[in-house]
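Worksheet: the structure to be examined is printed underneath.
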Amino acid sequence: MNWPQNQLNVFDEPLQSCSEDPITGFMRNGCCETGPGDVGSHTICVKITDEFLHFSKSKGNNLIDPIPEFGFPGLKAGDQWCVCAARWKEAFEAGVAPRVFLQSTHKGALETVDLRDLSNLALDLS
């Protein structure tokens with residue numbers, strides 16, 4: 001698969017790393033890159049909260065329990081992780097969206113969520 005090398009964040013700047021511990025991203029390279037095959041659009045870099053973990057689990061996506069055979073460690077509050085844009089939007093509308101790192105959020109997320117909503121929960125705006 002030939003992925004774009006220079007993926008951009010919501011500011012049209014080079015996408016910054018989200019997390020390497022735990023290693024995140026659709027490609028498991030630490031970045032919220034996207035491309036063909038990423039049907040979930042794992043493009044929003046967040047700081048995980050317990051509220052979001054329980055919300056996601058209630059929607060059928062258990063991010064809490066480890067799945068060793070897939071190299072998934074399970075997440076806990078405070079971890080940084082690339083989440084699906086549609087799930088973040090759903091959590092935002094329910095009042096439980098986690099805070100975001102805009103420099104590490106892929107601009108492709110803007111096809112699903114509004115930059116204003118992301119900015120209201122940004123951790124990296126000064």
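Side chains included, hydrogens not; waters and symmetry mates left out as well; all remaining heavy atoms used. None of these values were measured; they are calculated from a predicted model.
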Nearest heavy-atom neighbours spanning G30 and I23: N-CD1, 3.6 Å

Among all residues two or more places apart in sequence or in another chain, which pass the side chain to side chain donor-acceptor pair (under 3.5 Å) test with K76? D79

Minimal heavy-atom distance between D50 and A77, with the atoms involved, is OD1-CB, 3.6 Å

I need the full list of salt bridge (charged side-chain N to carboxylate O under 4.0 Å, His left out) pairs touching residues 16-28, with sequence neighbours left out, sorted by first then second residue. none

Measure the shortest side-chain to side-chain distance between I44 and T105 over non-hydrogen atoms and say whether it is less than 4.5 angstrom. yes

Tell me every residue that passes side chain to side chain donor-acceptor pair (under 3.5 Å) with T43, counting only those two or more places apart in sequence or in another chain. S41

Contacts of C32 meeting side chain to side chain contact (heavy atoms under 4.5 Å, CB included) (sequence neighbours excluded), chain-then-number -> C18, C45, C82

Just jot down the ring pair (Phe, Tyr, Trp, His ring centres under 6.0 Å) partners of F11, sequence neighbours excluded, or say none. none

If you compare all heavy atoms of E33 against all heavy atoms of D38, which two are closest, and at what distance to 0.1 Å? O-OD2, 3.9 Å

Run L8 and L15 through side chain to side chain contact (heavy atoms under 4.5 Å, CB included) and show every step you take. CA-CA 5 Å; L8 301 175; L15 188 65; over 6 Å; no

Does any pair with a residue in residues 95-125 pass ring pair (Phe, Tyr, Trp, His ring centres under 6.0 Å), and if so which ones, sequence neighbours excluded? none

Atom pairs and distances, side-chain donor-acceptor, residues 111-123, under 3.5 Å, sequence neighbours left out:
from : atom 1 : to   : atom 2 : distance (Å)
D114 : OD1    : R116 : N      : 2.7
S119 : OG     : L115 : O      : 2.9
N120 : ND2    : R116 : O      : 3.3

Measuring from atom CG of L102 to atom CD of Q16, what distance do you get when rounded to the nearest 0.5 angstrom? 12.0 Å

Quick one: salt bridge (charged side-chain N to carboxylate O under 4.0 Å, His left out) partners of D12, sequence neighbours excluded? K107

Transitive ILVMFWY cluster of V39 at side-chain heavy atoms under 4.5 Å: who else is in it? none

Pairs involving residues 63-93, ordered by first then second residue, that meet ring pair (Phe, Tyr, Trp, His ring centres under 6.0 Å) (sequence neighbours left out): F72-W81, W88-F92

Evaluate the criterion side chain to side chain contact (heavy atoms under 4.5 Å, CB included) for residue pair T24 and Q80; output intermediate values, then yes/no. CA-CA 8 Å; T24 191; Q80 289 180 208; over 6 Å; no

Close side-chain approach of V100 to V46, heavy-atom, < 4.5 Å: yes

Which atom of N61 lies closest to which atom of R87, heavy atoms considered: CB-NH1, 3.6 Å

Please examine the side chains of T49 and V96, heavy atoms only from C-beta on, and report whether any two atoms are closer than 4.5 Å. no

So ring pair (Phe, Tyr, Trp, His ring centres under 6.0 Å) across residues 38-60, not counting sequence neighbours, yields F26-H42

Mind checking salt bridge (charged side-chain N to carboxylate O under 4.0 Å, His left out) for K47 and listing every partner two or more places apart, or none if nothing turns up? none

